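Encoded as structure tokens, the structure appears first; notes follow it.
Below, chains carry the letters A, B, ... as their sequence lines are ordered, and counting in each starts from 1. Bear in mind the structure is a predicted one, so any value in this text is a computation, not a measurement.
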Amino acid sequence: MGAMKGWEWLARGLVLSVLVGLPLSLWAADRVWNGSARWWIAQIPESGGWQPPTLEVQAGEEIRLRVTSADVVHGLSIPGLGISVTVEPGKVREIRLRPERPGRYRAICTVVCSPRHGEMIAELVVRPPGGGPIPEITAAPDGAFLFQTYCAACHGPQGEGKIGPPLNAAGRVPQMDEATLRAIIRQGRPGTAMPAWGDRLSSEEIEALIRFLRELSQEPSRP
Amino acid sequence: MVVRGMARAFAYPRLELTRCSLLRRLVKHRAFQFMLILPNLAVFVLVLVAAFLGTPVGNRNFAIIFVWIVWWAALIILLIPLAGRIWCAMCPIPAPGEWLQRLAIVTRRPGRPFTLGLSWPRALRNIWLQNGTFLAVALFSALILTRPLATGIVLALFIGLALLLSLLFERRVFCRYVCPVGGFIGLYAMVAPLELRVKDPQVCVTHKEKDCLRGNAEGYPCPWMAYPGNLWRNIDCGLCTECLKACPKENVGIFLRPFGQDLLLARAPGWKGRSLDEAYKAFIMLSCALIYSAVYIGPWGFLKEWANLSDPAGFALYATGFLGVNLIGLPGVFLIAVALARWIARAGIPLRRLFVELAYALVPLGLTGWIAFTLSFVLVNISYAIPLLSDPLGRGWDLLGTASHPWTPYIPELVPLLQLPVLWLGLVVSIGLAFRIAQQNLGDAAKARRALLPIASFMTLIVLLFQRLYLG
Ligand code: SF4
Ligand code: SF4
């Protein structure tokens, strides 16, 4: 009986270490490997889009942003921070950044990942160090970066056309006036894959894009 | 051979493994079952943590790969065919409930168990409920098998329900009457060449105290509510070894025996005979193996989409088809085959009776069907387990340096060469078994041979269907 008592206490200790010790060691291991890393998991919008939809950091804080995809290949672009990477399912991609300027930075997917790809939008909120309101970002938008971010997936990285028509000299952009271009970008082209960007791009961004499209369609060809 | 009396109970050769004194001492040790459960409990905890906190990417998550590929393949290819219900002896799911009931993990604590101790309703003392729980889980398999969170929720529900039932009811009613896995393990365990039985049933008849039933200082009363003196089939015993510890006559042992003996049994003392609930388990398992092969391996991508709940109308259609085939389609076609058999053999036995009896002949075929289906994905996907040893939660760790091991399908070209012999072996055994069962029910061999024609054709058709799906 005495020996059995010993066994019982041993068993209780072992069960306790499995039920409590094991999860604790997993937590500890995660601290070692991930430390303070922040995660963004990409899923097609039909399954919920970026998880979490909003990530908050402090201005000036160095962050390790780890991104992965739960389903298909996505791309992560944060135009305001000059970040653009491919996100493959099951692979963890680490980005180190130290955003200095407080503001709300839009993060989007750059690969046509699903029919509702255009809805793959998340937000990186950079809070001012001492708290207080989050300012709107007012830097002049970069048309070339916007093009790579929003348009290249369908129209090709050089505007040579893919799912969408060419936007270089070979296409019809040179014949279009600004109002037409603006309307197409804003409202999209119903009945085609061209989505409406009016609610996702600011007027300044759309103007910057139009300026870039003009440059692109005037160049004879790009290498 | 039909079993008539206790003296002739075991009409097949048996080799008692527990005559080996080391093994006997081991299984008689009170910590034996605990030692089997403990490592599985650890894996189970890891599975739950990975399911709830790990990556949602299925093949990068320990929960998906270790439950649905590693554990599943080990269970269906090795554990059940070779050792029957051995998984039930080491399963962590009912353990917390049982320990709570006993207020002890290894020791035999005397006194009242910690439970309301209700007895299980008579109407549910069969495996109908298990048929239902299995169908419910199987219907959502596409979701559960690929999404860690869904796997986690299902397993957490199992463990929660097992705990709740052990607080309300006496003994392990969850395992015996509710667990969807326990149901089919029991059915297929009857094929296994391993059994726990009494050595001599006559000793039990004369042993008035029946310590195995009432428990004594060495062992708890049978948690599976079996009486070893009348235990004839693996389906009824969870291999917990309590009776082996309790029996003062040393009359319980673990035996090696020829495969499939329980399926040949037609009558035995204390057993009501073959029954419709178990027959349906055989249909359901065979139907599911076929449907899964069609959904996951067949060329119909839309079926997979439907099963995956991607659109509600598609899933509704899939669910209707799935339940239809399981409950009406396959049993219906089999009923026609049995009616034909009865007519050809000019048999007087009621159709319903013959239908139930012959359904047991589908057990080997169902098991080999599942083995073949499992072979189609296990060798191709098992390499996903290697990076998971280093990064079980898919959180970018590299504990053992294997995190970036690439996905490597092993011998994919040989898979059909493994599947076909398995399927045909199942067919031959099932036809042989159908003949024996027909003989038990129709009396003479000539009638049984005639009755075999439609049954064997049905079975062959099933194998050809599998073959079609695997070879394309
Ligand atoms: S205690 Fe042993 S001998 Fe007695 S009935 Fe049970 S198994 Fe048979
Ligand atoms: S018959 Fe014996 S080994 Fe089987 S479940 Fe009951 S007590 Fe356990």
Worksheet item: Taking non-hydrogen atoms and a cut-off under 4.5 angstrom, which of residues 37-47 of chain B neighbour chain A?
Response: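 So the qualifying residues are B/Leu38, B/Leu41, B/Ala42, B/Val45, B/Leu46.
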Toward chain B, the part of [X] with a non-hydrogen atom under 4.5 Å:
X: A/Asp30; value: both
X: A/Arg66; value: side chain
X: A/Glu94; value: neither
X: A/Ser69; value: backbone
X: A/Val92; value: side chain

Discussion item. A quick test of your reading: do over 12 heavy atoms of other residues, nucleotides or ligands sit less than 6.0 Å from CZ of B/Phe114?
Written reply: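 No - once you tally the heavy atoms of other residues, nucleotides and ligands closer than 6.0 Å, there are 12 at most.
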Worksheet item: Does a sphere of radius 6.0 Å around NZ in B/Lys28 hold more than 12 heavy atoms from other residues, nucleotides or ligands, not counting ones at 6.0 Å or beyond?
Response: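 Counting other residues, nucleotides and ligands, NZ of B/Lys28 exceeds 12 neighbours.
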Item to complete: Indicate the atoms forming the closest heavy-atom contact of A/Trp39 with B/Gly396, along with that distance.
Response: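 Smallest interatomic distance, heavy atoms only, reads CH2-N, 4.3 Å.
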Worksheet item: When heavy-atom pairs shorter than 4.5 Å are enumerated against chain A, which of B/Ala217, B/Pro392, B/Ala104 gives the highest number?
Response: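 Looking at each of B/Ala217, B/Pro392, B/Ala104 in turn, B/Ala104 comes out on top.
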Worksheet item: So which of B/Asn61, B/Leu48, B/Asp398 has the biggest tally of heavy-atom pairs under 4.5 Å with chain A?
Response: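 So the answer, after comparing B/Asn61, B/Leu48, B/Asp398, is B/Asp398.
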Discussion item. Under a 3.5 Å distance rule, please check whether A/Asn34 uses its side chain to pair with a backbone N or O of B/Arg395 as donor and acceptor.
Written reply: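 Yes, because the side chain of A/Asn34 sits within donor-acceptor range (under 3.5 Å) of the backbone of B/Arg395.
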Discussion item. So if I take each residue of residues 20-29 of chain A and look for any heavy atom under 4.5 Å from a heavy atom in chain B, which residues do I end up with?
Written reply: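 Residues in range: A/Leu22, A/Pro23, A/Leu26, A/Ala29.
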[X] vs [Y] side-chain heavy atoms within contact, under 4.5 Å:
X: A/Ile41; Y: B/Pro56; answer: yes
X: A/Glu8; Y: B/Ile105; answer: yes
X: A/Trp33; Y: B/Asp391; answer: no

Worksheet item: So how far is it from A/Arg12 CZ to B/Trp99 CH2, rounded to the nearest 0.5 Å?
Response: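 The CZ atom of A/Arg12 sits 11.5 Å away from the CH2 atom of B/Trp99.
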